[in-house]
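If you're wondering where the values come from, they're calculated on a predicted model, not measured in any experiment.
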Amino acid sequence: MNEAEIKERVAAFLAEHDPAGDRLEFLRARFDAGLAWVWFPEGQGGLGAPRELQQVVERELADTPRQLHAGMLAIGLGMAAPTILTFGTEEQKRRFLRPLWTGEEIWCQLFSEPGAGSDLATLATRAVRDGDEWVVDGQKVWTSGAHHSRWAILVARTDPDVPKHRGLTYFVCDMQAPGVEVRPLRQITGEAEFNEVFLTGVRLPDELRLGAVGDGWRVAQTTLMNERVAIGGGPARRGGGMVAPVVEAWREHPELRTHDLHQRLLELWVETEVTRLSGARLREQLAAGQPGPEGSGMKLSFARLNQAVTGFDLEFRRDLGYDDWAFRRSENVDFYGRGPGYRYLRAKGNSIEGGTSEILRNIVAERVLGLPSEPRVDKDVPWKDLPR
């Protein structure tokens, strides 16, 4: 399939479906037409076409309805969907992909725990088999959007007698199941975008398992690689993203400019362009296969650059511009519709979420640059014997 054929498909779709009509029905129809993710198989939101043709679809449908609160759908679209596509059964794909894409069902991620963040493989949440069900007990933390979510991607320990990476299994968790409790975590902004989630005797049918029993680490790697690409490798226009409001402020306030600030802004602009073009190259590589460790480098660069740009913004404006630390449940993460103070504070989380910058440096060093790995004394020790 080529660009001309994709354009014909889109034109035929628009001839039959009015973008000004019912929003949800339009999105459902777009999925059914294979125009959600064109590189997905037919019948699963795609056409089995080359991945790079997705940008053709997005251009042709630029003025049509988008998913509501796209930020709330980031985990579903960027992490759950590619994992379900890779490891899900045909029944799971039919059940989850369509409402995930249309936004009818929100997803969250139950990975990190109070004692297992940077070293995720040490997680302690247990899943014990009971006939055709699994009984899950444990605690997860830093769960974005759990208070909105219908489903979650969950990694739990199913075998404590083997080394930490080998005793994990991956599930889809029903967030409305008895025993699931979501509690807010107040952040530096005053909002509670994150949550801690307690799982007490949560029963999940075996058909909600993704991948083989004990193969959860391999499944989780697919999620994590896609997560880092989703966070750090998204498309951006030249001069867009976090640097856009900084450049706008620079143009509007010549009285605040200094030679030193000018030099620093030029450096940030260059770094922003390098990151943007590197992201474009990464997306081209994705067209040929699954994301690799390069996404970790992009996410690392994204976090560092966001923090530098937002810090510069505050220094240039000479004003924090943030005076509302009232506790509230966040509906969405909005970097660009909020003031510089919010961007500065919220960007602090960029070097934690989606993998800490420290861990990502290890991944880049070992898996991209080929440097020797750090000594790991717990590699072959059964999880139950690890000190905690």
Undergrad: Are the side chain of Thr86 and the backbone N or O of Pro82 linked by a donor-acceptor pair below 3.5 Å?
TA: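 Checked: pair present.
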Undergrad: Is it true that Arg59 and Glu3 have a side-chain N and a carboxylate O under 4.0 angstrom from each other?
TA: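 Here Arg59 pairs with Glu3 in a salt bridge, since their nearest N and O are under 4.0 Å apart.
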Undergrad: Is any side-chain heavy atom of Tyr170 closer than 4.5 Å to a side-chain heavy atom of Trp217?
TA: no
Undergrad: Treating Asp22 as the side-chain partner and Glu25 as the backbone partner, does any N or O pair qualify as donor plus acceptor under 3.5 Å?
TA: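 Indeed, once roles are kept as given, a pair shorter than 3.5 Å links the two residues.
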Undergrad: So does Lys93 pair up with Glu90, basic N to acidic O under 4.0 Å?
TA: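 So Lys93 pairs with Glu90 through a salt bridge.
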Undergrad: Is there a path from Leu61 to Phe40 through hydrophobic residues (I, L, V, M, F, W, Y) whose side chains come within less than 4.5 Å of each other?
TA: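 Yes, it is one cluster - the side chains of Leu61 and Phe40 are joined through contacts under 4.5 Å.
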Undergrad: Would Phe31 and Leu97 satisfy side-chain contact (heavy atoms from CB on, under 4.5 Å), going step by step from the backbone distance to the final call?
TA: CA-CA 9 Å; Phe31 181 93; Leu97 288 178; 4.0 Å; yes
Undergrad: Output yes when Arg346 and Glu193 qualify as a salt bridge under the 4.0 Å nitrogen-oxygen rule, no when they do not.
TA: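 Looking at Arg346 and Glu193, the cut-off is met.
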Undergrad: Flag the pair Met242 / Leu305 as yes when at least one side-chain heavy-atom distance between them is below 4.5 Å, and no otherwise.
TA: no
Undergrad: Suppose we screen for salt bridge (charged side-chain N to carboxylate O under 4.0 Å, His left out). Which residues come up paired with Arg304, at least two apart in sequence or across chains?
TA: Glu271
Undergrad: Please find the pair of heavy atoms, one from Ala80 and one from Trp107, that lie closest to each other, and give the distance.
TA: CB-CE3, 3.7 Å
Undergrad: Would you call Asp215 and Leu168 a side-chain contact if the rule is heavy atoms closer than 4.5 Å?
TA: no
Undergrad: Leu123, Val162: one ILVMFWY side-chain cluster at the under-4.5 Å cut-off?
TA: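 Looking at the clustering, Val162 is in a separate group from Leu123.
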Undergrad: Indicate yes or no: at least one non-hydrogen side-chain atom of Trp151 is less than 4.5 angstrom from one of Asp174.
TA: yes
Undergrad: Kindly give the heavy-atom pair with the smallest separation between Met298 and Ser278, and that separation in Å.
TA: SD-CB, 3.6 Å
Undergrad: Could you tell me the separation between the CD atom of Glu267 and the OG1 atom of Thr272, rounded to the nearest 0.5 Å?
TA: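 Reported value, rounded in 0.5 Å steps: 11.5 Å.
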Undergrad: Closest approach of Cys108 and Ile75, non-hydrogen atoms and distance?
TA: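 Heavy atoms of Cys108 and Ile75 come nearest at C-CG2, 3.8 Å.
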Undergrad: Could you grab the distance from atom OG1 of Thr64 to atom CG of Leu35, nearest 0.5 Å is fine?
TA: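 CG of Leu35 is found 9.5 Å from OG1 of Thr64.
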Undergrad: Of the non-hydrogen atoms in Ala156 and Ala127, which two are nearest, and what is the gap between them?
TA: CB-CB, 3.8 Å
Undergrad: How far does CD1 of Ile363 sit from CD1 of Ile359, to the nearest 0.5 angstrom?
TA: 7.0 Å
Undergrad: What distance do Leu265 atom CG and Leu268 atom CG have between them, rounded to the nearest 0.5 Å?
TA: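 Rounded to the nearest 0.5 Å, the CG-CG separation comes to 6.5 Å.
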Undergrad: Would you kindly say whether Glu104 and Thr102 are connected by a side-chain donor-acceptor distance under 3.5 Å?
TA: yes
Undergrad: Measure across Ile106 and His148 and return the closest heavy-atom pair with its distance rounded to 0.1 Å.
TA: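 Closest pair (atom of Ile106, atom of His148, distance): CB-O, 3.7 Å.
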Undergrad: For the residue pair Thr222 and Thr83, confirm or rule out a side-chain donor-acceptor distance under 3.5 Å.
TA: no
Undergrad: Is there a donor-acceptor pair under 3.5 Å between the side chain of Arg157 and the backbone N or O of Thr125?
TA: no
Undergrad: Determine, for Arg238 against Glu273, whether the closest basic-nitrogen to carboxylate-oxygen distance falls under 4.0 angstrom.
TA: yes
Undergrad: Report yes if some heavy atom in the side chain of Pro340 is under 4.5 Å from a heavy atom in the side chain of Thr310; otherwise report no.
TA: no
Undergrad: List the atom pairs, donor and acceptor, that lie under 3.5 Å between side-chain atoms in residues 200-211 and the rest of the protein, sequence neighbours left out.
TA:
from   : atom 1 : to     : atom 2 : distance (Å)
Arg203 : NH1    : Asp130 : OD2    : 3.0
Arg203 : NH1    : Glu133 : OE1    : 2.8
Arg203 : NH2    : Asp130 : OD2    : 2.9
Asp206 : OD1    : Trp134 : NE1    : 2.8
Asp206 : OD1    : Arg209 : NE     : 2.9
Asp206 : OD1    : Arg209 : NH2    : 3.4
Asp206 : OD2    : Arg129 : NH2    : 3.3
Asp206 : OD2    : Arg209 : NH2    : 2.9
Arg209 : NH1    : Gly211 : O      : 2.7

Undergrad: Between Lys348 and Gln307, which heavy-atom pair has the shortest distance, and what is it?
TA: O-NE2, 3.4 Å
Undergrad: Is it true that the side chains of Gln109 and Thr143 contain a donor and an acceptor less than 3.5 Å apart?
TA: no
Undergrad: Show me the side-chain donor-acceptor pairs of residues 11-20 shorter than 3.5 Å, one per line, residues at least two apart or across chains.
TA:
from  : atom 1 : to    : atom 2 : distance (Å)
His17 : ND1    : Phe13 : O      : 3.1
Asp18 : OD1    : Ala20 : N      : 3.0

Undergrad: Are Leu185 and Val197 joined in one hydrophobic group, where the rule is that I, L, V, M, F, W and Y side chains link up if heavy atoms are under 4.5 Å apart?
TA: no
Undergrad: Has the side chain of Gln92 got a donor or acceptor atom that lies under 3.5 Å from a matching backbone atom of Thr89?
TA: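 Flag set: sc Gln92 to bb Thr89 pair under 3.5 Å.
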Undergrad: Rounded to the nearest 0.5 Å, what separation is found between the OG atom of Ser373 and the CZ atom of Arg367?
TA: 12.0 Å
Undergrad: So do the side chains of His165 and Lys379 get within less than 4.5 Å of each other, counting heavy atoms only?
TA: no
Undergrad: Mind checking whether Ile153 and Trp37 sit in one hydrophobic cluster, side chains of I, L, V, M, F, W, Y counted as touching below 4.5 Å?
TA: yes
Undergrad: Is there a donor-acceptor contact under 3.5 Å from the side chain of Lys299 to the main chain of Leu360?
TA: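 Judged by distance alone, no pair lies under 3.5 Å.
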Undergrad: Are any non-hydrogen side-chain atoms of Phe26 and Pro65 less than 4.5 angstrom apart?
TA: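 The answer is yes, as the side chains (C-beta and beyond) meet within the 4.5 Å cut-off.
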Undergrad: Does the side chain of Pro184 come within less than 4.5 Å of Phe327's, by heavy atoms?
TA: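 Contact flag for Phe327/Pro184 side chains = yes.
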Undergrad: Tell me if the centroids of the rings in Trp142 and Phe111 come within less than 6.0 Å of each other.
TA: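 Here the rings of Phe111 and Trp142 have centres that are no less than 6.0 Å from each other.
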Undergrad: Could you tell me whether a side-chain N or O of Thr356 sits under 3.5 Å from a main-chain N or O of Ile352, the two making a donor and an acceptor?
TA: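 A pair under 3.5 Å: no.
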Undergrad: Any side-chain hydrogen bond (donor to acceptor under 3.5 Å, both in side chains) involving residues 357-366? Give me the pairs, sequence neighbours left out, ordered by first then second residue.
TA: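 Sorted result for residues 357-366: Glu366-Arg376.
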Undergrad: Which residue pairs pass the side-chain hydrogen bond (donor to acceptor under 3.5 Å, both in side chains) test when at least one of the two sits in residues 254-263, sequence neighbours left out?
TA: His253-Glu255
Undergrad: Assess the residue pair Glu105 and Arg95 against the criterion (salt bridge (Lys or Arg N to Asp or Glu O under 4.0 Å)); give the C-alpha distance rounded to whole Å, side-chain angles, the decisive distance to 0.1 Å, and a yes or no.
TA: CA-CA 11 Å; Glu105 294 179 343; Arg95 167 61 186 86; 2.9 Å; yes
Undergrad: Has Glu374 got more than 12 heavy atoms of other residues, nucleotides or ligands less than 6.0 Å from its CD?
TA: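 It does not: Glu374 CD has 12 such atoms or fewer within range.
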Undergrad: Hey, which of Thr189, Asp313, Asn306 is the one that makes side-chain hydrogen bond (donor to acceptor under 3.5 Å, both in side chains) with Arg343?
TA: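 The side-chain hydrogen bond (donor to acceptor under 3.5 Å, both in side chains) with Arg343 is passed solely by Asp313 among Thr189, Asp313, Asn306.
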Undergrad: Salt bridge or not for Arg166 and Asp159, using N-O below 4.0 Å?
TA: no
Undergrad: Examine distances only and state if a side-chain atom of Thr169 and a backbone atom of Gly214 form a donor-acceptor pair shorter than 3.5 Å.
TA: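 Yes.
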Undergrad: Would you give the length of the straight line joining atom CG of Leu85 to atom CZ of Phe96, rounded to the nearest 0.5 angstrom?
TA: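 It comes to 14.5 Å.
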Undergrad: Are Leu100 and Trp39 in one and the same hydrophobic cluster, where Ile, Leu, Val, Met, Phe, Trp and Tyr link if side-chain heavy atoms are under 4.5 Å apart?
TA: yes
Undergrad: Check which hydrophobic residues are tied to Leu386 through side-chain heavy-atom contacts below 4.5 Å, counting indirect links as well, and list them.
TA: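 So far as hydrophobic clustering goes, Leu386 is joined with Val381, Trp383.
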Undergrad: Evaluate the criterion side-chain contact (heavy atoms from CB on, under 4.5 Å) for residue pair Val309 and Val246; output intermediate values, then yes/no.
TA: CA-CA 8 Å; Val309 169; Val246 180; 3.5 Å; yes
Undergrad: Have Glu113 and Gln139 got a donor and an acceptor in their side chains that come within less than 3.5 Å?
TA: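 No - no donor-acceptor pair under 3.5 Å links their side chains.
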